[in-house]
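The structure appears right after this line, and notes come after that.
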2 protein chains.
Amino acid sequence: MKPGVKKSLEAIVSPENFSDQLIDLVSYSSDATSRRHRPEAAVWVTDADQVADVLAFCNRERIPVTARGAGTSLAGLSVPVRGGLVMDLCRMNRIVDICIEDRVAVVQPGVVYADLEKALAPHGFFFPPDPASGSVATIGGNVATNAGGMKGAKYGVTKDYVLGLEVVLADGRKVKTGSRCMKSSSGFDLTRLFVGSEGLLGVITEIILKINPRPRHTGTVRAAFDSLASAGQAVSRIMRSGIIPSVLEIIDRNTLIAINQNTDLRLPEAAAILLAEADGFTQEETNAQLEQIIAIFKENHASEVRMAKGPEEAEALWLARKSAGGVLFRLNIALEVEDLAVPLSKVAEALEFISDLAEKYRLRIPTVGHAGDGNLHPGISYDPNDREEVNRVRMAAEELMTKVTELGGTLTGEHGIGLTKAPFMPLEHDDVSLEIMRGLKNYFDPNDILNPGKMGL
Amino acid sequence: MKPGVKKSLEAIVSPENFSDQLIDLVSYSSDATSRRHRPEAAVWVTDADQVADVLAFCNRERIPVTARGAGTSLAGLSVPVRGGLVMDLCRMNRIVDICIEDRVAVVQPGVVYADLEKALAPHGFFFPPDPASGSVATIGGNVATNAGGMKGAKYGVTKDYVLGLEVVLADGRKVKTGSRCMKSSSGFDLTRLFVGSEGLLGVITEIILKINPRPRHTGTVRAAFDSLASAGQAVSRIMRSGIIPSVLEIIDRNTLIAINQNTDLRLPEAAAILLAEADGFTQEETNAQLEQIIAIFKENHASEVRMAKGPEEAEALWLARKSAGGVLFRLNIALEVEDLAVPLSKVAEALEFISDLAEKYRLRIPTVGHAGDGNLHPGISYDPNDREEVNRVRMAAEELMTKVTELGGTLTGEHGIGLTKAPFMPLEHDDVSLEIMRGLKNYFDPNDILNPGKMGL
C-alpha cells in the first residue's frame, strides 16, 4: 500500500485504527471458510462518517474495500479476494434504540446477535432470525447475508424484519431507506435490495429492525427415524397439517455420532432425528401442536418419540443442534459446509441424494438442516492435503448444486453466494437475471471497489 | 395512434384483443381515484409471450405502456397519464398450481384475490394479505402495489409472501426471479425489487406465493372509545402486551355513522371503535388473547366492550369494516382516500392531527385504519365542483403528508405512490434515495415506456 494511501486512511480513522501489520492482515485474510486472501490494510471504523470518508477515498483511489463483521461467513463473503482494504465494523456495536412502543430496535452493524437478544429479553421481545453463529455473528453481517436460522419456517428470515437502513454508497454518499413503520409501499424497495447484497452495493451503517413478542410457552419433541425417506416424509406431512412448528430440524446419523462424542445427550444414532419446537401464548396451544407433531412422527414410523422433560433438556437439545457445526469442524481436518434449499416436497429426495453422493465419492457428509423450510446443510468432510480427495469434494459439491437446481432449489438458503457458490450462479439464475445483477452492481459501484470478486458478477 | 402501430399490435394480440374504441378508452382512463387520462389504445393480453412482443414493439416505437389489473388503485397507479397503450392483464387469470406440499400457489397476474382464496380454502390454507378490495382486485396489482390489508400486523403484507416472479422487461426480455423455496440468499433480491414497483420496472406475468395454514379458531371483539387518544393508547398497549392480534382495526365516528346508515349493525357512534381479532390453533389460545385485549380495552376507558356472538356476527363486523370505503364513496360526492403509516407510538397523535385538520379546513375526514400496524386511511370528502373546497382539500392533504413524515411515517402504507403521492416523495425520501430510484428506473426502462409519469421519478 502506497505511503500516501496509508497516511490518508490514518487521517480518517486515526493511526491506532489503521493496521498494515502482518498479524492483522493474516487474521483478516479469511472467514469461516478455508478460502484466504490477504488484504493490504485494515481499518476499524467507529461511525458512519468514517465509513463515508474511507469509501470516498478508496473510490477515488480504486482500492477494493471488503466490509466485515465477525467473519463467520460460510461462503467466503468476508475474504478480501482482490486485496485492498478490510473495513472492520465490529466497533460500531451500539444498540441505538429499543422502542417496544414502536416494535423496533435500531442497531449499528457491529452489534452481536446475542447482545441484541439479551437487551430485548427483559422487554419480553425477541429478534426471530437466529443464526447458529448468533453468539458471535453481527447483525450487520446477518443483514448483508440475509441470514436465516432455526425459526425460519414460522418466523421468516432477516429480510422479513429489516424495516430501514442507513447505507454508505461506494462514493461515500449516505442514504437512508425505509422507516420505523411496520408497512410502507413508498417508492422502490431499496431496503430489500441492500439486504442480502453481501457488501457489493454499499456498506450498512444502521439498521431498523422489527421485533416480535416472545411466545410465552414452548415445547420440544424429538423423534428418531430408521430412514431418511421417513424423516423427510414426516417433515412434509407436518408442514401440510395446518400448523407451523416454530422449529423443525433434522440431524443425520453422522452428525448424531459426532454430537454424542462431544456431549452427554446420548441421542439415538438413527438414520436421522427430527427436533421440533412448538410455541404459543398458552400452554394448550403449544401442547396441541406438539400432539399433532407426535402423531405425525408415529404415523411415519418414528422409532423413538420423546418430549423434552423441561426447559433444561430442551435447551440442551437446541444447544446440541446449534453446536453441531462447531463439533463437526473440530472433528474433521477440513469441512466444507454446504447450504442449499429445496421446495418442501423435495426434502426427502435431497437427503437421499446427499447420502448417495457420499457413497459415490467415498466421502463423509454429515447433514443437518432447517427441514421446516427445506434448508439443508450437508458438511463435506475431507483432508485438504489429500489432493485426490479434494478433487472428489469438488466434484461432489458441483454434482450437489446441479441436482439442487434441478429440483427447483436454490444454491443458498441463508449463507449467501460469496466465493464458494459464485461458480454455480448460472445453474440457478438465467442470463437476463445475471445481466440485471451485473447492471445493478455497476450502477451502485461503477469502479467495482465494494467486496469485488464475489457473487459471480 | 398511427395505422401501422394498430396493425402491429393487432398482429400480436389478434384484432379482437385490441381496441381504440372511445368506450374502452374512457373505461381505461381512470382507476378508483378521480384522476383521468385517456390512453390511445388498449390490448387484452393472454400470455407472457404476448406481453413480451407488445413491450418489445412499444419500446422500439417509444409508446407508453400502462399495465393494469382490476383498476382498484387508490393512488392513480393505473391511470395512463402519458397516454399510449393500456395493457389489461385480467385475462391472464389462471391459477397455475396450488401445491400444499410445497406451501406455494403459482398464479397469473390477473387472478382475483377472492378466487385464490376460494381455491385455497378446501386445503385449509390461505394467502394472508387481504386488501379490502379483494373481491375484485388482482394478485398482479397487489404485487405491483405491495398491497396490505387487515392482517398485516400479525401476517405481514404482499412482499412477505412473494417467493418468485416471472417478469417481462421493457425491451421484451423475460426474466425469472426467486423459486419455490421458502428461503434463499442467492444473489441480489430481484423479486423484492419488482414487488411494489408499480409497473415501472417490468410487467409481472407469473407469481409464486407462499401460503399459510388457516388458523382453526378465531374470535372477534369490539370496543367503543370516547376519545381518539384513548383508542390510540389502547392500540399501543395491545401491541406491547406480548400478543399480536390477527386484526386490529380502528373506525372513527364519521365512518361509524356512514356504516350505520347502510347496515343494520347499529354500531355505537363513539369517537372511535376498535375491532380486534385473535386466532390460534386452539380455542384456548384465541380466548386467552381476546381476554388480554378486552382487559386492555377496559383499562383504556372503553365505553362498551363486546365479543362477537358467533362467526356470523364477526363476519358482519368485518364486512362492515371492509365495505367502509365503498359506503363512504357512495355517500360523498367525491372522496380522496388517503393512506399513511406512522410508527406505532404515533397512532394516537396522527388520529388527533387528522381530527384537528378536518376542523381547521372545514372538511369531513372519516378515518379507518389498520391500527395494529400504524396504517391509517383518512378519507377526505368534498365536492369536486366547489373550487374553493377542492383547494382546501389540497392544502389539507399536503399538511397531512408533511405531518406524517415529521412523525417518522411513510406517505403510503399499502396503496403505493402512483400519481396522488408523487409530489410528496421528497418529504419522505432523501435526495440520494430519489436519485437511486431514478437511476434504477432508467436502468430497467431507458426509454421510459413503463407506466411513465408515476412515483415522482
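In what follows, every chain begins at residue 1, and chains take the letters A, B, ... in the order their sequences are listed.
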Using non-hydrogen atoms only, which part of [X] is less than 4.5 Å away from chain B: side chain, backbone, both, or neither?
{"X": "A:R216", "result": "side chain"}
{"X": "A:E435", "result": "both"}
{"X": "A:R240", "result": "both"}
{"X": "A:V157", "result": "side chain"}
{"X": "A:L457", "result": "side chain"}
{"X": "A:H123", "result": "neither"}

Q: Walk me through it: do A:D189 and B:R192 pass the test salt bridge (charged side-chain N to carboxylate O under 4.0 Å, His left out)?
A: CA-CA 7 Å; A:D189 195 344; B:R192 300 297 175 116; 6.0 Å; no

Can you find a heavy atom in the side chain of [X] that is under 4.5 Å from one in the side chain of [Y]?
{"X": "A:V195", "Y": "B:F188", "result": "no"}
{"X": "B:N442", "Y": "A:Y443", "result": "no"}
{"X": "A:I243", "Y": "B:P213", "result": "no"}
{"X": "B:L344", "Y": "A:M182", "result": "yes"}
{"X": "B:M239", "Y": "A:I100", "result": "no"}

Q: Please name all residues satisfying salt bridge (Lys or Arg N to Asp or Glu O under 4.0 Å) with A:K454, sequence neighbours left out, ordered by chain then number.
A: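 If we apply the salt bridge (Lys or Arg N to Asp or Glu O under 4.0 Å) test to A:K454, skipping adjacent residues, there are no hits.
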
(Q) Going by the rule salt bridge (Lys or Arg N to Asp or Glu O under 4.0 Å), which residues pair with B:E291 if we only count those two or more places apart in sequence or in a different chain? (A)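 Result, salt bridge (Lys or Arg N to Asp or Glu O under 4.0 Å) vs B:E291: none returned.
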
**Q.** Heavy-atom pair count under 4.5 Å with chain A, highest-scoring of B:G178, B:A147, B:G280, B:G152
**A.**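 Of the options given, most contacts go to B:G280.
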
Q: Could you have a look at B:S179, B:G196, B:G456, B:G439 and say which one has the most heavy-atom pairs with chain A under 4.5 angstrom?
A: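 It is B:G439.
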
(Q) Between A:K210 and B:D160, does any side-chain N to carboxylate O distance fall below 4.0 Å? (A)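 Salt bridge flag = no for B:D160 with A:K210.
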
Q: Look at the side chain of B:S185 and the backbone N and O of A:T412, then say whether any donor-acceptor pair between them is shorter than 3.5 Å.
A: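 No; judged by distance alone, with no hydrogens or angles, the pair does not exist.
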
Q: Check for a donor-acceptor pair, side chain of A:E285 on one end and backbone N or O of B:E284 on the other, with a separation under 3.5 Å.
A: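 Looks like no, no N/O pair under 3.5 Å.
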
Q.
Report which part of B:L340 has an atom under 4.5 Å of a heavy atom belonging to chain A: side chain, backbone, both, or neither.
A.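 Neither the backbone nor the side chain of B:L340 comes within 4.5 Å of chain A.
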
(Q) Taking 4.5 Å as the heavy-atom cut-off, does anything in residues 427-434 of chain B contact chain A, and if so which residues? (A)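 The list, in residue order, reads B:E428, B:H429, B:D430, B:V432, B:S433.
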
Q: Check ring pair (Phe, Tyr, Trp, His ring centres under 6.0 Å) between B:F424 and all other residues, then give those that pass, not counting sequence neighbours.
A: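 For B:F424 there are no ring pair (Phe, Tyr, Trp, His ring centres under 6.0 Å) partners, ignoring immediate neighbours.
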
